[in-house]
Protein chains: 2
Amino acid sequence: MTETTPQASDRSIDTQASGFEAVRQAHQSEMVEDYVELIAELIHQNGAARPVEIAERLGVTQPTVSKNLARLKREGFIEQIPYRSLQLTDAGRQLAEACRMRHRIVVEFLIALGVSPEVAEHDAEGIEHHVSEETLAVFKGFVRRTDETK
Amino acid sequence: MTETTPQASDRSIDTQASGFEAVRQAHQSEMVEDYVELIAELIHQNGAARPVEIAERLGVTQPTVSKNLARLKREGFIEQIPYRSLQLTDAGRQLAEACRMRHRIVVEFLIALGVSPEVAEHDAEGIEHHVSEETLAVFKGFVRRTDETK
DNA sequence: TCGATAAATTAGACAAGGCTAACTTTAATA
DNA sequence: TATTAAAGTTAGCCTTGTCTAATTTATCGA
């Protein structure tokens, strides 16, 4: 019992709880974000995005992709005609673009900081979903300053 | 095709898939890590860690905590006698200490970078579970250099 | 010491996101 | 054009982590 005073911790209990709540929220959107981002990437790289390739890139099975795409469709992010390339709706494109930017910033930030490119990519995949606007702005500023110094 | 940005284009599909796999793995351990870390914190702050307080801090209900504690017990991280304070096993203490260190480094890193303390705490909660050893070492180095400059 | 209150557990439901197995549909080609 | 291989879906199961409602158990103050 080193800290005797109850307010010894600088954070209120509510603040702490809302932090954990936010993490749970983030987990809810991760799947959707990963999918739309990947679909945009595939369309950009290959001119088409197909479920089988999403499965391969994410390292999951086709039925899993099928089920998750149904959710994306239900939520209005994609349109799908079987055996044709998936298409992003306007909302989907918008979300994908935001995710792509955020992903790029996180990766570039880590690299600017001195993390190896492979690990930067790897860690960014998990980190990007938990970076607030404020932190993202700080990352961006750091990258910009580093670039200028080069 | 993939314009000037360095990433995606030169990454193998396997590497990408293993990244997503790692994120899924991380999610599996998050609960355990959050709980042992919080239990250690509560013991340190209050001299005792009780399920009801864990529920409050995490912003979840008591039955949720009850169920999750059963898993921690099953996996050998805690010992529990109802209505007594939870106790960490050696393994639990070890894990808690590692998590505490990592958490501290991430928070200090974000603050050193210029993120506000509240947001740093908030974001760290989500980020910490996705930071590799390499990246953590880089964070640590950055904090050290910043401290020296002060 | 006993009874009210708070703490904890149990039971049962639900949503997400994985999986395998089995099936259907499309496309490619012989 | 008829077959076959690949792509996609469906059905059904599992695990995790959440919830509410109901129940049990311990503690503490009158």
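These numbers come from the heavy atoms of this one structure, side chains and all, not from hydrogens, waters or symmetry mates. Numbered from 1 within each chain, the chains take letters A, B, ... in sequence-line order.
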* Take atom CD of Glu21(B) and atom C1' of dG18(C), then tell me their distance rounded to the nearest Å. => 11 Å
* Structure fact -> One should read off an interatomic distance between His129(A) NE2 and Arg102(A) CZ, to the nearest 0.5 angstrom, of 6.0 Å
* Donor-acceptor pair, Ser18(A) side chain versus Glu21(A) backbone, under 3.5 Å? -> no
* To do: Can you check whether any acceptor in the base of dT10(C) is under 3.5 Å from a donor in the side chain of Lys67(B), or vice versa?
  => no
* Structure fact -> Here the distance between atom P of dT9(C) and atom CD1 of Ile81(B), to the nearest Å, is 12 Å
* **Residue whose closest nucleotide on DNA chain D lies nearer the 5' end, His27(B) versus Val52(A)** => Val52(A)
* Asked: Could you state the CG-P distance from Asn68(B) to dT15(D), rounded to the nearest angstrom?
  -> 16 Å
* **Side-chain N,O (Thr61(B)) to OP1/OP2 (dC19(D)) below 4.0 Å** => yes
* Glu56(A) CD to dG8(D) C1', straight-line distance once rounded to whole Å -> 16 Å
* Asked: At under 4.0 Å between heavy atoms, what does Gln80(A) touch on the DNA or RNA strands: base, sugar-phosphate, or nothing?
  -> sugar-phosphate
* Asked: To the side chain of Tyr35(B), which of dG18(C), dT9(C), dT18(D) is closest?
  -> dT18(D)
* Asked: Roughly, in whole Å, what's the span from CZ in Arg24(B) to C1' in dT16(D)?
  -> 15 Å
* Could you say whether Pro51(B) or Ser29(A) is positioned toward the 5' end of DNA chain C, judged by the nucleotide with the nearest heavy atom to each? => Pro51(B)
* Asked: Just to confirm, is there a sub-4.0 Å distance from OP1 or OP2 of dG17(D) to any side-chain nitrogen or oxygen of Arg71(B)?
  -> yes
* Asked: Think Gln62(B) has a side-chain N or O under 4.0 angstrom from the OP1 or OP2 of dT10(C)?
  -> no
* Just how far, in rounded Å, is P of dA7(D) from CG of Leu42(A)? -> 14 Å
* Structure fact -> Here the pair of heavy atoms bringing Ala124(A) nearest to Val107(A) is CB-CG2, 3.5 Å
* OP1 or OP2 of dT27(D) under 4.0 Å from side-chain N/O of Arg50(B) -> no
* Whole-Å gap separating P (dT15(D)) and CD (Glu30(B)) -> 21 Å
* Asked: Is any side-chain N of the basic residue among Arg93(B) and Glu97(B) closer than 4.0 Å to the acidic one's carboxylate O?
  -> no
* To do: Would you tell me if any nitrogen or oxygen in the side chain of Thr64(A) comes within less than 4.0 Å of OP1 or OP2 on dC19(C)?
  => yes
* Asked: Within the structure shown, what part of the strands sits under 4.0 Å from Pro82(A) by heavy-atom distance: base, sugar-phosphate, or nothing?
  -> nothing
* To do: Please figure out whether Gly59(B) or Arg74(B) has its closest DNA chain D nucleotide nearer the 5' end.
  => Arg74(B)
* To do: Look at the side chain of Tyr83(B) against the base of dT27(D) and say whether a donor-acceptor pair falls under 3.5 Å; ignore hydrogens and angles.
  => no
* Verdict with supporting geometry, Cys99(B) and Leu95(B), side-chain contact (heavy atoms from CB on, under 4.5 Å) -> CA-CA 6 Å; Cys99(B) 291; Leu95(B) 181 59; 4.1 Å; yes
* Roughly how many Å is it from CD in Glu53(A) to C1' in dA7(D), rounded to a whole number? -> 13 Å
* Structure fact -> Of all heavy-atom pairs linking Tyr35(B) and Val65(B), the shortest is OH-CA, 3.7 Å
